[in-house]
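Okay, so here's the structure we're looking at.
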There are 2 protein chains.
Amino acid sequence: MAGLREKKKAETRTAITEAAVRLFAEKGYEKTSIEDIARAAGIGKATVYGYFPAKDDIFLAYCDDELEESFARLQAEEGGEETLLEQLINFFMIKFTFITKNREFGRQLLREMVFPRQVNEKAKEHDPRYFDILEEFFQAAQQRGEIAADQNMFYLSVHFFSLYLGALAGWYAGYVHSHQEVEDGLRILFTQALEGIAR
Amino acid sequence: MAGLREKKKAETRTAITEAAVRLFAEKGYEKTSIEDIARAAGIGKATVYGYFPAKDDIFLAYCDDELEESFARLQAEEGGEETLLEQLINFFMIKFTFITKNREFGRQLLREMVFPRQVNEKAKEHDPRYFDILEEFFQAAQQRGEIAADQNMFYLSVHFFSLYLGALAGWYAGYVHSHQEVEDGLRILFTQALEGIAR
DNA sequence: CCATAAACTCGAACGCGGTCGAGTTTTTTC
DNA sequence: GAAAAAACTCGACCGCGTTCGAGTTTATGG
C-alpha cells in the first residue's frame with residue numbers, strides 16, 4: 001500500500017539535504033540560493049518548501065551533521081586523569097575550536113541555538129547529550145573529592161556552559177582574538193567558579 | 001559655507017529614525033518594510049541607504065533609544081543596603097524584564113549584540129557602561145568584606161554577565177518560562193559563584 | 001477497477017532588501 | 001558668477017526567499 005510515496009519522499013528529502021550540505025560547504029550559506037539547491041537536487045524550487053519550511057531549517061539539518069562530528073570528537077577525548085579544571089577547559093575548547101572553525105557558520109548556528117526563533121525540539125535532544133558528558137566529569141570529580149557532595153549537577157553544567165557562552169560572546173564581539181586568549185579567559189572564569197564549588 | 005547641506009542631512013536622518021521607531025513599535029520589525037519607512041519619512045526608498053547601510057542598522061538606532069531607557073532605570077535603582085547577591089539579582093532582573101518585554105525585539109537585539117555580524121564599535125561604547133555599574137557593586141561589596149580583596153573586577157563582571165547570558169539562553173530555548181523561574185535560577189548560579197568568590 | 005480524495009510538484013508571481021545610474025542640488029574653484 | 005566637482009536623491013531594476021494555484025501522481029473505498 002503506502003511505501004512508494006514514503007520512499008520517494010525520503011529520497012527527495014535526502015537529496016535536498018545532501019545538495020545543501022555540499023553547496024553550503026562549497027559556497028557558504030548566504031551565497032547558496034534555494035534555486036541552486038533545488039537544481040542540484042533535481043527538483044523544482046517550490047518543492048523544497050514541501051520539505052523544509054524555510055532556508056534556515058535546511059541549514060539546521062546541515063548543522064546536525066557537523067554537530068554529530070564535534071560530539072564524536074568530544075566523547076573520544078576522555079582524558080581520565082586530569083583535574084576537573086583541565087577536563088572542562090579541554091571540553092569547551094574543543095567545542096570552541098569546532099564552532100569557530102568558520103566564523104560565519106558558527107555565528108549563524110549559535111544565534112539559532114542560543115536565541116532560537118521558536119522553542120526548538122531538536123535542540124532539546126542535543127543539549128542533554130552535552131550536559132551528560134559534563135555531569136560525568138562532575139560525578140568523577142565528586143568521588144575524587146574535588147567538589148562538594150551537595151552540588152546540583154544540572155546547575156553546575158549550566159554554570160560552566162554559561163561561562164562558555166560568555167567566552168563566545170567575547171570572541172564574537174571582538175574582545176578576545178586568539179584561541180589562547182579564550183583559553184586563558186575560560187581558565188580564569190572556571191577557577192572563579194571552582195574555588196567556590198570546591199569551597 | 002557648509003551648513004545647508006548638513007542641516008538637511010541631519011533632518012532627513014532624524015526623519016528616518018523617527019519613522020522607523022514609530023513603525024517598528026506599531027507593526028514590528030519584520031512587518032515594516034524599508035519602503036514603509038521611506039514613505040513615512042517623505043523620501044525615496046533608495047535614499048534610506050544613503051543614511052543606513054542596511055535595515056538592521058536602522059533597528060540598532062531604534063535600540064539605542066530603548067537601551068538608554070533601560071540604562072536610566074538601572075542607574076535609578078541604587079539599592080544601597082542590600083547584599084551583593086540581591087543587588088546583582090536586581091540588576092540583571094531589570095535587564096531581563098526590559099529585554100523580554102517583547103520577545104521578538106529581545107531576540108533580535110540579543111542576536112545582534114551577543115553574536116554580531118561584525119565587530120561592533122557601538123557595542124564597545126555600551127558595554128563598559130553596564131560593566132561600570134557592576135564594578136561599583138563589587139567595589140562596595142569589597143569594602144564591606146563580602147568578597148575577597150584580590151578579585152579582578154573585570155572578570156567578576158564577565159562572570160556574572162555570562163551567567164545572565166545563560167539564563168537568557170534558557171529562557172529563549174524554553175527551559176524556563178516565568179520570571180520567577182529565571183530569578184530562582186539566577187540566584188542559584190550567582191550563589192555558586194559567590195561562595196567561591198567570597199571564600 | 002474506477003471514482004474520488006489526498007498528497008505532491010513546480011512554473012509563475014509576489015514582496016522586500018538592496019544596488020545602479022542618470023538627473024538634480026550644493027559646494028568649490030578660479 | 002560661471003564651470004567643474006562633489007554630494008545627494010530616487011525611479012527602475014535585480015536577486016532571492018517564499019507563496020499560490022493549477023496540474024499531476026499516489027492512495028483509498030466501494
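Below, each value reflects all heavy atoms present in this structure, side chains not excepted, and no hydrogens, waters or symmetry copies. Chain A is the first sequence line, chain B the second, and so forth, proteins listed ahead of strands; every chain is numbered from 1.
Between the CD atom of B:E11 and the P atom of C:dT26 there is a distance of 13 Å, rounded to whole Å. When rounded to the nearest whole Å, the span between CG of B:D36 and P of C:dG15 equals 12 Å. As rounded to whole Å, 14 Å separates atom C1' of C:dG11 from atom CD1 of A:I43. The separation between A:E35 atom CD and D:dT19 atom P is 16 Å, rounded to whole Å. A straight line from NZ of A:K31 to P of D:dG15 spans 14 Å, rounded to a whole angstrom. In this entry the distance linking CD1 of A:I34 with P of C:dC14 reads 20 Å, nearest Å. Atom CZ of A:R39 is separated from atom P of C:dG11 by 11 Å (rounded to the nearest Å). Going from atom CD1 of B:I37 over to atom P of C:dG18 covers 11 Å, rounded to whole Å.
Taking 4.0 Å as the cut-off between side-chain N and carboxylate O, B:R129 and B:E68 count as a salt-bridged pair.
Shortest non-hydrogen contact noted between A:F52 and A:R13 is CE2-NH2, 3.5 Å.
Contact annotation: B:K55 reaches the phosphate of C:dG17 (side-chain N/O to OP1 or OP2, under 4.0 Å). Taking side-chain N and O atoms only, A:S33 has no distance below 4.0 Å to OP1 or OP2 of D:dC16.
Annotation: of the two residues near DNA chain D, A:P53 and B:G50, the 5′-most nearest-nucleotide partner is B:G50.
Considering only side-chain atoms of B:Y51, the nucleotide from C:dC8, D:dT9, C:dG18 that sits closest is D:dT9. Set against D:dT18, D:dC10, C:dG18, the side chain of B:A46 has D:dC10 as its closest nucleotide.
A cation-pi contact links A:K55 to A:Y29, judged by a cut-off of 6.0 Å to the six-membered ring centre and 45° from its axis. Both the sub-6.0 Å distance and the 45° axial angle are satisfied by A:K95 relative to the ring of A:Y130.
Not a single donor-acceptor contact under 3.5 angstrom links the side-chain atoms of B:K45 to the base of D:dG11.
At a threshold of 4.0 angstrom between heavy atoms, the contacts of B:A54 are confined to the sugar-phosphate backbone, with no base atom among them.
Rounded to 10 degrees, the angle separating the terminal helix axes of the helix from C:dC1-D:dG30 to C:dC30-D:dG1, each built from five base pairs, is 10°.
Below 30°, between 30° and 60°, or above 60°: for B:F154 and B:F131 the angle between ring planes is between 30° and 60°, a tilted geometry.
Listed by first and then second residue, the salt bridge (charged side-chain N to carboxylate O under 4.0 Å, His left out) pairs involving residues 161-185 of chain A are A:E183-A:R187 (not counting sequence neighbours).
No continuous path of ILVMFWY side-chain contacts below 4.5 Å connects B:Y175 to B:L189, so the two sit in separate hydrophobic clusters.
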